[in-house]
Colleague: 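First, the structure itself, so that you have it in front of you.
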Amino acid sequence: MIDLRLLREDPDRVRASQRARGEDVGLVDALLSADERRRSSGTRFDELRAEQKQLGRLIPKAQGEEKTSLLARAKELADAVKAADTEQQQAAEEAQELLLRLGNIVHPDAPVGGEEDFVVLEQIGTPRDFAAEGFTPRDHLELGELLGAIDTDRGAKVSGSRFYYLTGVGALLELALVNAAIAQATAAGFTPVLTPNLVRPAAMAGTGYLGQVEDDVYYLEKDDLYLVGTSEVPLAAYHMDEIIDASRLPLRYAGFSACYRREAGSYGKDTRGIFRVHQFDKVEMFVYTAPEEAEAEHQRLLAWEKQWLSSLELPFQVIELASGDLGASASRKFDCEAWVPTQGKYRELTSTSNTTQFQARRLNIRQRDEQGTRPLATLNGTLCAVTRTIVALLENHQLPDGSVRVPEVLRPFLGGRDLLEPTAAPAK
RNA sequence: GGAGGCGUCGCCUAGUCCGGUCUAUGGCGCCGCACUGCUAAUGCGGUUUGGGCUUUACCGUCCAUCGAGGGUUCAAAUCCCUCCGCCUCCGCCA
């Protein structure tokens, strides 16, 4: 959530942000009026309550008729206090409900527009010219099947569409990727964390995933728990309701978890292979830092993502997303998109968001320094989303016979092997 | 799944049975000041968090906050209910 003080002082800035997101601008005035009512009814409650407390102190000392009349007066006051309290709570709830619907303030440098209006910041590496090499590249599923690495048929048989098995070198490849990613993160000072993958509504809502994207989230009604779509959720909620001494910041965590996504509304998109699936594993970077540090930290997260993709020797581009494509929490977001040869385009592999104080306010996470306590800033960034990384690796590093070259950085985690080769007898 | 115990403002803790200056006790830690060759010790003061008002600083003041939410009452840390968390035991189980 945003700072109510900012809303009162500079409502135009909030209106402009809502407009850039393509969201409801009217929320701003509704919230201003609810906040005004919350404050005025709160003041009335405070005054009545102060009077009630004073009166209450007199009662035990009073005797006889005096006591009777005091009790009668106190009874009236008690009713008035209760009414004022109810009124205040209603106004507060209304204000809170509206506040939770406001998106984060869009960063001034974020391009304005929708999904199509992203800006390409840079391109790193060069896509291979398969025509010049004299062969037509196989797509990742064909390669995965040749290698005995990916089995989507049985995934569909057992769990439905968009599920898969990773087998043999596929399974080993995932473990190597995860280990290599954790190794990079650890070297950079991150604390590795294995997180709970089922979380309570407060964690989900606090992270900003129960708004427009709620349909994309798996929910277990019997237990009132959500399956996380990313370890960002349990990592953000890790310090929920805490006050962290500023001297301990930044706190950098590298989470590893499965990610569950319903992919509602993506029917027919990326149906082949494992590019878009209901469940995948991911190494995620998550940082708690001082608000003044957030922008610099965002650049660092992006740099770590670039380092990772470069170490995998993948050609990729960095884009900055437009205001309408940020999601509720982010003020600014960069994606790294790897080249997918058989699609002839760059596709998202990682994403890093500066959520400023937005999540921290919802999750009640503050920092304490000489100035006092205030919400800190949180940021997140993908290090390795396993399935999409496998897609990019297989397709970009394939050889004419269907084997796949292993980039140097992964070899130590694959028993030193530098080549994945087709199995003599596929798993079918 | 069953039975029981516990949850107090950083940590420990008094208070809860029997509702009323609890405006929450004391210790430790921490901050400030004083004293002191230095350090230590000692003394005094301060030290939960949030909201409102005061000009959105300072100062001041009021209200809320004893795991969370509701209820009873003129009045709730204290009585009742629901929930959450932790611990112990029994059962089941990877």
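We name chains A, B, ... by the order of the sequence lines, and we start the count at 1 in each one. What's counted below: heavy atoms across the whole structure, side chains too, no hydrogens, waters or symmetry copies. Quick caveat: nothing in here was measured; it's all calculated off a predicted structure.
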Colleague: List in chain and number order the residues that pass ring-ring contact (aromatic ring centres under 6.0 Å, His included) with A:Tyr226, two or more places apart in sequence or in another chain; answer none if no residue qualifies.
Modeller: A:Tyr219

Colleague: Mind listing the side-chain donor-acceptor pairs of residues 1-8 of chain A below 3.5 Å, one per line with the distance, residues two or more places apart or on another chain?
Modeller:
residue	atom	partner	partner atom	Å
A:Asp3	OD1	A:Arg5	N	3.1
A:Arg8	NE	A:Asp35	OD2	2.7
A:Arg8	NH2	A:Asp35	OD2	3.4

Colleague: Listing request: all ring pair (Phe, Tyr, Trp, His ring centres under 6.0 Å) pairs with a residue in residues 92-119 of chain A, at least two apart in sequence or in separate chains.
Modeller: none

Colleague: Check side-chain hydrogen bond (donor to acceptor under 3.5 Å, both in side chains) between A:Tyr209 and all other residues, then give those that pass, not counting sequence neighbours.
Modeller: A:Glu232

Colleague: Give a yes/no answer on whether the side chain of A:Thr373 brings an N or O atom under 4.0 Å of OP1 or OP2 in B:G50.
Modeller: yes

Colleague: What pairs of nitrogen or oxygen atoms, one from the protein and one from nucleotides 59-63 of chain B, lie under 3.5 Å apart?
Modeller:
residue	atom	partner	partner atom	Å
B:C63	O2'	A:Asp46	OD1	2.7

Colleague: Within the 3.5 Å criterion, strictly below it, is a donor on A:Ser351 or A:Asp335 matched to an acceptor on the partner's side chain?
Modeller: yes

Colleague: Which residues pass the side-chain hydrogen bond (donor to acceptor under 3.5 Å, both in side chains) test with A:Arg261, sequence neighbours left out?
Modeller: none

Colleague: Could you say whether A:Ala78 or A:Arg374 is positioned toward the 5' end of RNA chain B, judged by the nucleotide with the nearest heavy atom to each?
Modeller: A:Arg374

Colleague: When you measure from every atom of RNA chain B, which of residues 67-76 of chain A have a heavy atom less than 4.0 Å away?
Modeller: A:Leu71, A:Ala74, A:Lys75

Colleague: Between B:G20, B:G52, B:C84, spot the one nearest the side chain of A:Arg200, thanks.
Modeller: B:C84

Colleague: Once salt bridge (Lys or Arg N to Asp or Glu O under 4.0 Å) is applied, what residue pairs with a partner in residues 407-418 of chain A remain, sequence neighbours excluded?
Modeller: A:Glu408-A:Arg411

Colleague: If you take any heavy atom closer than 4.0 Å to RNA chain B, which residues from residues 242-249 of chain A end up in contact?
Modeller: A:Ile243

Colleague: Taking any strand in view, what nucleotide pairs with B:A77 in a Watson-Crick or G-U wobble way, both distances under 3.5 Å?
Modeller: none

Colleague: With a 4.0 Å limit, can you tell me whether A:Gln52 has a side-chain N or O closer than that to the phosphate oxygens OP1/OP2 of B:A75?
Modeller: yes

Colleague: Between B:G69 and B:C12, how far apart are the two C1' atoms, rounded to whole Å?
Modeller: 28 Å

Colleague: Holding to side-chain contact (heavy atoms from CB on, under 4.5 Å), I want the full list of residues that pass it with A:Ala78, two or more places apart in sequence or in another chain.
Modeller: A:Gln52

Colleague: Under a 3.5 Å cutoff, is there a donor and acceptor pairing between the side chains of A:Thr378 and A:Thr355?
Modeller: yes

Colleague: Counting just side-chain N and O atoms, does A:Arg368 come under 4.0 Å of either OP1 or OP2 of B:C30?
Modeller: no

Colleague: Could you list the residues that satisfy side-chain hydrogen bond (donor to acceptor under 3.5 Å, both in side chains) with A:Gln398, not counting sequence neighbours?
Modeller: none

Colleague: If the condition is side-chain hydrogen bond (donor to acceptor under 3.5 Å, both in side chains), which residues does A:Glu221 pass it with, not counting sequence neighbours?
Modeller: none

